[in-house]
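Before any comments, here is the structure.
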Amino acid sequence: MKVAIVKYNAGNTHSVAIALRRLGVEVLITDEASLIRSAHRVIFPGVGEASSAMAYLRERGLDEVLKTLTQPVLGICLGLQLLCTYSDEGDTNCLGIFPAQVKRFNGVLKVPYIGWNTLQAEQSSPLFQDVPSNSYVYYVHSYYAEVCPFTIGTTEYGQDFSAALARDNFFALQFHPEKSGPIGQAILYNFLNIKY
């Protein structure tokens with residue numbers, strides 16, 4: 001199986017690649033449309049700022065490439081946020097796969113939010129097969145996607161937010177599976193084995 005990790009100057013591609021190689025898959029970090037389109041799975045990770053990340057994607061035509069992919073796609077952290085409709089961060093129009101707004105945590109909460117928290121996951125999702133409810137996963141973020149009809153997992157930090165989203169062949173996680181120990185590895189394994 002070939003897995004393409006989308007390269008768009010938004011961090012954490014190498015830690016994701018290491019986690020995937022532990023699962024025995026061939027990983028390619030690339031911004032070439034043809035290589036992304038031909039991969040069996042696409043991972044869209046990210047740590048960074050929404051408006052500059054979207055500008056990089058648009059400059060290379062990767063925004064249109066990502067929207068038209070038909071194989072399973074997994075957004076991680078900023079990747080989840082960019083798959084939503086709009087982000088308050090930099091007043092940014094995003095890819096619009098998920099009809100959710102991305103907002104900044106309010107002022108009474110410590111931002112960025114860093115640490116472990118429980119995931120309330122829809123057990124029926126293939127992403128969470130054999131993942132116990134209330135499992136702990138690792139977060140680092142200042143913005144969150146609101147809960148929407150495509151939310152398949154939530155976490156509470158001041159309010160519930162979308163910890164995981166799924167729509168057709170698109171999946172996304174706000175937390176970092178590559179930093180979430182055995183639970184994160186199990187979720188990545190499930191993504192690699194989704195039948196689509």
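All heavy atoms count here, side chains included; hydrogens, waters and symmetry mates do not.
- If you check the side chains of Ser125 and Glu122, you find no donor sitting under 3.5 Å from an acceptor.
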Working for side chain to side chain contact (heavy atoms under 4.5 Å, CB included), residues Tyr113 and Val140: CA-CA 6 Å; Tyr113 171 48; Val140 181; over 6 Å; no

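- In this structure, Trp116 has its ring center at least 6.0 angstrom away from the ring center of Tyr136.
- For the pair Arg167 and Phe98, the NZ or CZ position fails the cation-pi test of under 6.0 Å to the six-membered ring centre and within 45 degrees of the ring normal.
- Aromatic ring centroids of Phe105 and Tyr157 lie under 6.0 Å apart.
- Cluster membership check: Leu95 does not share its hydrophobic cluster with Tyr144, using side-chain heavy-atom separations under 4.5 Å among Ile, Leu, Val, Met, Phe, Trp and Tyr.
- Remark: aromatic rings of Phe170 and Phe44 are distant, center separation not under 6.0 Å.
- When the side chains of ILVMFWY residues are joined at heavy-atom separations under 4.5 Å, either directly or via intervening members, Val16 and Val137 end up in a single hydrophobic cluster.
- Cation-pi geometry between Arg58 and Tyr56 is not met at under 6.0 angstrom from the ring centre and within 45 degrees of the axis.
- Here the rule is side-chain hydrogen bond (donor to acceptor under 3.5 Å, both in side chains) with Gln120, and of Thr151, Thr154, Asn134 only Asn134 fits it.
- Within a 6.0 Å sphere centred on NZ of Lys179, other residues, nucleotides and ligands contribute more than 12 heavy atoms.
- Taking the ring centroids of Tyr138 and His176, they lie at or beyond the 6.0 Å cut-off.
- Side-chain N or O atoms of Arg41 include one that pairs as donor or acceptor with a backbone N or O of Ile194 at under 3.5 Å.
- For the pair Glu89 and Arg104, the salt-bridge criterion is not met [side-chain N within less than 4.0 Å of a carboxylate O].
- Side-chain contact, Gln174 with Gln81: a donor N or O sits under 3.5 Å from an acceptor N or O.
- No single ILVMFWY cluster, assembled from side-chain heavy atoms under 4.5 Å apart, contains both Ile76 and Val6.
- Ile187 is connected to Phe171 through a chain of hydrophobic side-chain contacts under 4.5 Å among Ile, Leu, Val, Met, Phe, Trp and Tyr, so both are in one cluster.
- Nearest heavy-atom pair across Gly46 and Tyr8 is CA-OH, 3.4 Å.
- Of the possible donor and acceptor atoms, none in the side chain of Ser162 sits under 3.5 Å from a partner among the backbone N and O of Ala164.
- Between Arg37 and Thr70, the side chains place no donor N or O within less than 3.5 Å of an acceptor N or O (distance only, hydrogens not considered).
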